[in-house]
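Here you go, one structure.
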Number of protein chains: 2
Amino acid sequence: MSARRSELTRAAARLFAEKGYHGTSVGDLAQALGVQKGSLYAHIQSKADLLWEVASEGAAAFHAALDSVPDEGPVIDRIRAALRGHLRVVGEQLDVATVFVREWRYLEGERRDAFVAERRRYEERFRALYREGRELGELRADLDDATAALLALSAVNWAYAWLRPGVDTDAIADRFTALLVDGMRGYNTP
Amino acid sequence: MSARRSELTRAAARLFAEKGYHGTSVGDLAQALGVQKGSLYAHIQSKADLLWEVASEGAAAFHAALDSVPDEGPVIDRIRAALRGHLRVVGEQLDVATVFVREWRYLEGERRDAFVAERRRYEERFRALYREGRELGELRADLDDATAALLALSAVNWAYAWLRPGVDTDAIADRFTALLVDGMRGYNTP
DNA sequence: ACTGGAGGCTAACGATCGTTCGGAAGGAGA
DNA sequence: TCTCCTTCCGAACGATCGTTAGCCTCCAGT
């Protein structure tokens with residue numbers, strides 16, 4: 001992929017995240033590159049191509065983050081690593097993550113189906129950590145692992161809305177993990 | 001407000017939630033009412049009016065839910081009530097809640113400013129519960145209440161994405177509360 | 001020196017966008 | 001019966017949408 005083409009993809013990620021897919025015109029994209037809008041079609045076949053590309057990039061980034069979580073070791077450590085990885089992707093590729101989380105639904109046809117499948121697979125991998133933790137006894141036996149995974153995943157999925165670039169995402173992930181693991185009950189509470 | 005006008009607002013909420021604000025045309029809205037698109041302008045001055053109306057309705061609903069949380073009593077009970085209230089709004093007014101959470105950013109000018117202020121005020125009220133809990137000693141003294149509130153609020157803000165109408169939102173809120181309060185650590189974990 | 005491809009230009013296409021307008025049907029109130 | 005108000009129609013407006021077409025320039029490879 002040429003350098004110019006990469007610029008276009010990055011501009012698309014930024015503008016789709018900022019103004020939404022339907023709120024971004026081909027003219028906007030062209031302006032971001034300092035070019036006439038017709039010229040973009042030397043690089044793409046349609047505007048939808050760009051959405052697909054950015055969404056796929058997001059899916060790849062989140063899966064890659066999970067790939068680097070070890071298969072063994074204390075489950076709580078792995079949960080912390082998964083949260084760290086997810087938040088790191090959001091923090092370092094905020095535009096791409098925003099499109100992955102919010103704009104994907106404007107995909108159409110089989111691209112949409114393929115995206116949904118990838119997304120579901122990611123959530124499954126995430127949830128498996130909690131199930132394994134319960135089965136191994138590292139998490140409480142009466143844990144509703146689906147709810148626990150939903151709570152954690154919701155928190156990080158929503159992160160694109162409040163995470164500002166440059167913050168220490170590892171520290172936030174660690175605080176989330178500590179809360180999820182130990183709770184917030186005080187000592188003088190029945 | 002006339003009955004017809006209310007129908008229009010409800011159709012707007014549904015379509016904005018389903019296809020997005022920019023993805024919904026005035027023609028789509030007219031079709032939902034079985035009417036020519038020009039006829040809608042007997043009820044509204046612009047399409048943006050509808051977005052503002054639905055977004056405001058959402059803000060009112062969420063604030064009303066918080067209003068019914070008592071000012072006194074055990075903080076944990078009040079946190080549970082707040083989560084119940086929030087999730088109940090999402091479950092019972094899914095379209096409105098979706099617009100409140102996701103489509104508000106297409107508001108423009110002072111309407112956008114006013115919405116953001118209302119939203120911030122809601123989050124502040126939510127966060128105050130956690131701060132009070134820590135100060136009263138009902139939540140652990142070393143609690144990072146901002147992080148705790150963020151975790152809880154993120155989970156319920158994201159709920160529009162996975163909550164299906166008709167489920168028992170109170171039960172989900174209770175499970176979230178239990179998790180947040182007591183954590184998920186197992187007994188044979190150091 | 002010649003060629004081919006990459007990248008950009010201008011101009012225009014048909015479609016659709018949100019909005020406006022004049023007129024008309026129909027019921028409610030006087 | 002007359003009038004007003006709500007609601008809608010049908011047609012049109014200018015603007016903007018995503019996309020296509022033909023042409024030009026520049027540069028790397030042969």
Side-chain angles (χ1 to χ4, degrees), chain A residues 1-56 95 99 102-112 115, chain B residues 1-56 95 99 102-112 115:
Chain A
M1 191 165 57
S2 78
R4 202 65 172 136
R5 177 59 208 267
S6 300
E7 276 188 72
L8 177 53
T9 303
R10 241 172 298 131
R14 184 171 56 82
L15 287 172
F16 290 168
E18 179 188 334
K19 310 168 45 156
Y21 176 70
H22 284 306
T24 302
S25 71
V26 175
D28 292 334
L29 292 163
Q31 197 176 25
L33 296 220
V35 138
Q36 298 288 343
K37 64 175 179 173
S39 308
L40 295 188
Y41 288 84
H43 305 282
I44 57 172
Q45 289 189 339
S46 75
K47 180 186 170 188
D49 289 354
L50 290 169
L51 179 59
W52 167 247
E53 196 167 313
V54 177
S56 300
D95 296 337
V99 171
R102 198 177 56 192
E103 301 297 324
W104 64 269
R105 65 203 176 95
Y106 301 116
L107 290 169
E108 291 179 343
E110 47 188 73
R111 282 178 168 178
R112 185 189 169 107
F115 179 89
Chain B
M1 191 165 56
S2 78
R4 202 65 172 138
R5 177 60 210 267
S6 301
E7 277 187 72
L8 177 53
T9 304
R10 243 171 298 131
R14 185 171 56 83
L15 287 172
F16 290 169
E18 179 188 334
K19 308 166 49 152
Y21 176 70
H22 284 306
T24 302
S25 70
V26 175
D28 292 334
L29 292 163
Q31 197 176 26
L33 296 219
V35 138
Q36 298 286 352
K37 64 175 178 174
S39 307
L40 295 188
Y41 288 83
H43 305 281
I44 57 172
Q45 289 191 338
S46 74
K47 180 187 169 186
D49 289 354
L50 289 170
L51 179 60
W52 167 247
E53 198 168 311
V54 177
S56 301
D95 295 337
V99 171
R102 198 177 55 191
E103 301 297 323
W104 65 269
R105 66 204 175 94
Y106 301 115
L107 290 169
E108 291 178 343
E110 46 188 73
R111 283 178 169 178
R112 185 189 170 106
F115 179 89

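Proteins get letters first, then strands, A, B, ... in listed order; numbering begins at 1 in each. Below, all heavy atoms of this structure are taken into account, side chains as well, without hydrogens, waters or symmetry copies. Quick caveat: nothing in here was measured; it's all calculated off a predicted structure.
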Spatial distance of atom CG (L29(B)) from atom NE2 (H43(B)) [nearest 0.5 Å] = 12.0 Å
Measure from the side chain of Y41(A), starting at C-beta and using heavy atoms only, and say which of dT19(C), dG8(C), dT20(D) lies closest.
-> dT20(D)
Return the value, rounded to whole Å, for the distance between atom NE2 of H43(B) and atom C1' of dT6(D).
-> 8 Å
Where Y21(B) and E103(B) come nearest, the two heavy atoms and their spacing = N-OE1, 3.0 Å
Looking at D49(A) and R111(A), does any basic side-chain N land under 4.0 Å from a carboxylate oxygen?
-> yes
note: I44(B), atom CD1; dT6(D), atom P; distance rounded to Å ~ 16 Å
Which whole-number value in Å describes the distance from L50(A) CG to dG18(D) C1'?
-> 12 Å
Measure the distance from CZ on R4(A) to C1' on dC9(C) and round it to the nearest whole Å.
-> 14 Å
Ignoring backbone atoms, test whether S2(B) places a side-chain nitrogen or oxygen under 4.0 Å from the OP1 or OP2 oxygen of dT7(D).
-> yes
Residue-level proximity of residues 5-39 of chain A to DNA chain D when a heavy atom falls under 4.0 Å | T24(A), S25(A), V26(A), K37(A), G38(A)
Would you kindly give the CG-to-C1' distance between L40(A) and dT19(D), to the nearest whole Å?
-> 11 Å
Candidate nucleotides dT19(D), dT7(D), dT20(C), ranked by approach to the side chain of A42(B) - the nearest = dT7(D)
Indicate yes or no: at least one non-hydrogen side-chain atom of R5(B) is less than 4.5 angstrom from one of I44(B).
-> yes
Within this structure, what is the CG-to-C1' distance between D49(B) and dT19(C), rounded to whole angstrom?
-> 12 Å
Are E7(A) and R4(A) ion-paired here, with the side-chain N under 4.0 Å from a carboxylate O?
-> yes
How long is the gap from NZ on K19(B) to CZ on R105(A), to the nearest 0.5 Å?
-> 11.5 Å
Separation of dG18(D) P from Y106(A) OH (nearest whole Å) = 14 Å
